[in-house]
Amino acid sequence: MATQVRTRFSPSPTGALHLGGAHTALFNWLFARHHGGVFILRIEDTDMERSQAHFVDEIMESLRWLGLLWDEGPYFQSRRLPLYDEFVQRLLAGGQAYCCDCDPQELEARRQAALARGDKPRYDGRCRERGLPLGPKTAVRFKTPQTGVTFWHDQIKGHIAFENQELDDLVIRRADGIPTYNFAVVVDDITMQVSHVIRGDDHISNTPRQLLIYQALGAEPPLFAHMPLMLGKDRTKLSKRHGALPVLAYRDRGILPQALNNYLARLGWSHGDQEIFSMEELIRYFSLEHVGKAPGIHDEDKLLWLNSHYLKETPPAELGRLLLPFLAREGIATDDVAKAARVAATLNKRAKTLVEMAQAARFYYQDPRPYDEEAAARYLTPAAAPVLSLALERFRAGAELTEEGLTALLKELARETGRKVVEVAQPLRVALTGRAASPSLTELIPILGREETCRRLENALHFIGKDV
RNA sequence: GGUCCCAUCGUCUAGCGGUCUAGGAUACUGCCCUCUCACGGCAGAGACACGGGUUCGAGUCCCGUUGGGACUACCA
């Protein structure tokens with residue numbers, strides 16, 4: 001085994017990077033970083049039909065956004081074809097593989113028939129001893145030992161063993177010359193000197209086949225670690241149907257990368273009772289020993305909780321900068337980072353995502369009318385007019401726009417109109433924000449400014465039907 | 001169907017034979033704080049799938065049952 005830790009993340013570009021892929025990528029990245037090793041990105045694009053270049057870009061953009069930067073690659077399997085051929089030749093020469101000209105369609109029909117009969121659908125090895133030469137219409141199959149046991153010590157699951165007789169002679173090189181997954185992976189992991197293969201446990205049943213190929217090639221296999229899968233609410237493999245979106249969709253929903261990393265890290269891995277981890281802590285504490293065996297169900301609520309935590313932790317200046325594009329998407333065009341920062345500081349305890357925050361920020365930038373119907377009906381009543389008038393008077397007269405000053409003002413207004421503070425605050429709130437719930441008046445009024453505050457109070461008085 | 005993997009609160013998990021009348025987090029409920037909504041604080045409810053062993057002693061070890069999942073391609 002290589003002395004240096006080398007891990008790889010090897011997505012196939014047949015779709016966007018989803019949560020499950022990010023989970024795998026994160027564990028590989030953390031393991032490499034923890035050991036001061038190398039994290040490799042390899043694109044497994046041997047499925048020419050379904051692979052698309054733009055998915056490669058999207059996968060890389062997703063990883064960059066998460067901060068999971070790779071040290072080597074991206075390598076593309078489609079550009080390493082001669083290498084795979086070389087290894088195929090070695091197996092062919094050693095009698096560990098053979099050519100097969102069985103018709104794929106016929107094979108498929110036999111497969112279906114076996115399945116229908118309730119039999120195990122496996123290749124019957126009819127070309128095994130025919131000694132066919134490599135031709136344009138021949139595939140190459142691996143000669144799987146028909147007896148014996150193949151086993152390994154999984155770094156997460158422990159001892160796992162398969163009877164070789166359960167396996168059949170898999171195709172390692174298609175008739176078109178393109179290697180298949182199980183073969184290309186082995187050749188790549190050997191030549192890239194991968195030390196630890198950390199992947200989803202849906203690959204467990206591929207492992208014995210790969211191990212047998214390492215053996216035939218006389219190469220020492222890497223260590224394997226099969227991590228539990230992420231399941232949807234219905235406990236089946238996570239997919240789009242579960243609302244498990246591509247990584248970039250989480251970005252667009254206003255999820256912070258740190259929240260997603262923290263969430264993904266804690267799914268399947270733990271460090272005592274700790275829930276919140278900085279990337280540095282994750283790197284420091286991560287270990288395969290503390291990765292659990294049981295699959296985890298994706299829990300959107302927990303992600304949102306972590307996101308709201310990080311929203312509260314992010315410094316206002318940074319938050320303001322992050323908020324701008326989300327404001328733009330709400331139709332609020334502004335490049336005033338300083339104001340966005342002040343706005344964000346009043347909203348970060350009240351929002352779970354940047355999208356929510358941008359929506360809640362609307363009143364800071366736009367007239368609050370039309371008022372929320374229910375709120376207006378309840379608070380913008382003739383009975384509230386005296387409060388609004390008096391407030392308007394004070395603001396015009398230069399009431400101090402500081403938190404202390406405004407706190408005092410609210411109390412004065414209450415005393416002078418003979419009401420409770422809440423009874424003056426709510427009409428003011430609806431007049432200024434259009435809604436019955438908002439950040440504190442004492443922090444929102446200074447941001448609105450004197451002029452705008454007065455204008456909104458006048459508008460509210462007009463709304464009630466009282467001239468100013 | 002076959003092979004393989006898995007099994008603690010709804011969910012994420014701590015637990016590596018005795019300290020477990022099972023801990024934390026989230027979600028939920030109630031109370032407090034309070035200009036609203038949040039935040040925060042406090043409290044509550046909520047789990048070792050079942051059955052056999054092993055052991056002085058089992059959530060922790062073994063076997064079985066049940067349940068769930070993955071794989072079963074000239075996809076990856």
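Since we're looking at a predicted model, the values are computed, not measured.
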**Student:** Scan nucleotides 6-8 of chain B against the protein and return all N/O pairs shorter than 3.5 Å with their distances rounded to 0.1 Å.
**Tutor:**
none

**Student:** Is C56(B) paired to anything, Watson-Crick or G-U wobble with both distances less than 3.5 Å, and if yes, which nucleotide?
**Tutor:**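 G18(B) - that is the nucleotide pairing with C56(B), both distances being under 3.5 Å.
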**Student:** Provide the distance between the two P atoms, one in G64(B) and one in A25(B), to the nearest whole Å.
**Tutor:**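 It comes out at 38 Å once rounded to the nearest Å.
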**Student:** Would you classify Ala161(A) as touching base, sugar-phosphate or nothing, given that sugar-phosphate means primed atoms plus P, OP1 and OP2, and contacts are heavy atoms under 4.0 Å?
**Tutor:**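 Since only primed, P, OP1 and OP2 atoms lie under 4.0 Å of Ala161(A), the category is sugar-phosphate.
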**Student:** Scan Arg429(A) against the nucleic acid and name what it touches under 4.0 Å (heavy atoms): base, sugar-phosphate only, or nothing.
**Tutor:**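 The answer is base, as Arg429(A) lies within the cut-off (heavy atoms under 4.0 Å) of a base atom.
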**Student:** Parallel, tilted or perpendicular for Trp152(A) and Phe162(A), by the 30°/60° rule?
**Tutor:**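 Answer is parallel, since the angle falls under 30°.
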**Student:** Check this for me: does the side-chain of Lys302(A) come within 3.5 Å of the base of A27(B) through a donor and an acceptor?
**Tutor:**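 Side chain to base: no pair present.
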**Student:** To check you understand the geometry: which heavy-atom pair defines the closest contact between His153(A) and His159(A), and what is its length?
**Tutor:**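 Nearest pair, atom of His153(A) first, then His159(A): ND1-N, 4.0 Å.
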**Student:** Considering every strand and a 4.0 Å limit on heavy-atom distances, what is the contact class for Pro439(A): base, sugar-phosphate, or nothing?
**Tutor:**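 Since a base atom lies under 4.0 Å of Pro439(A), the category is base.
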**Student:** Would you indicate what Gly292(A) reaches in the nucleic acid, counting non-hydrogen atoms under 4.0 angstrom: base, sugar-phosphate, or nothing?
**Tutor:**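 Result for Gly292(A) = nothing.
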**Student:** When we call it a touch if two heavy atoms are under 4.0 Å apart, what does Thr180(A) touch: a base, just sugar-phosphate, or nothing?
**Tutor:**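 Here Thr180(A) touches the backbone only, sparing every base.
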**Student:** What nucleotide, of G15(B), G68(B), C39(B), holds the atom closest to the side chain of His290(A)?
**Tutor:**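 So the side chain of His290(A) is nearest to G15(B).
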**Student:** Looking at Arg350(A) and C37(B), is any side-chain donor or acceptor paired with a base atom of the opposite kind under 3.5 Å?
**Tutor:**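 Such a pair exists between side chain and base.
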**Student:** Picking from A70(B), G40(B), A76(B), which would you name as closest to the side chain of Glu44(A)?
**Tutor:**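 Of the candidates, A76(B) comes closest.
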**Student:** Quick one: label Leu441(A) by what it contacts on the DNA or RNA (base, sugar-phosphate, nothing), any heavy atom closer than 4.0 Å.
**Tutor:**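 Base contact.
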**Student:** Counting distance alone, no hydrogens or angles: does the base of G24(B) have a donor or acceptor under 3.5 Å from a partner atom on the side chain of Glu275(A)?
**Tutor:**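 Check passes, donor-acceptor contact within cut-off.
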**Student:** Can you find an N or O donor on one side and an acceptor on the other, under 3.5 Å apart, linking the side chain of Thr442(A) with the base of C35(B)?
**Tutor:**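 Side chain to base: pair present.
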**Student:** At less than 3.5 Å, do the side-chain atoms of Asn206(A) and the base atoms of A76(B) form a donor-acceptor pair?
**Tutor:**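 It does, because a donor-acceptor pair links the side chain of Asn206(A) to the base of A76(B) below 3.5 Å.
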**Student:** With heavy atoms under 4.0 Å as the rule, sort His226(A) into base, sugar-phosphate or nothing.
**Tutor:**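 It contacts nothing in the nucleic acid.
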**Student:** Of all the choices, G10(B), A38(B), A70(B), which nucleotide is nearest to the side chain of Lys237(A) once you look at every atom?
**Tutor:**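 Out of G10(B), A38(B), A70(B), the nucleotide with an atom closest to Lys237(A)'s side chain is A70(B).
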**Student:** Taking only residues two or more places apart in sequence or in another chain, which ones pass side chain to side chain contact (heavy atoms under 4.5 Å, CB included) with Glu416(A)?
**Tutor:**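 Expected list: Leu390(A), Arg394(A), Glu412(A).
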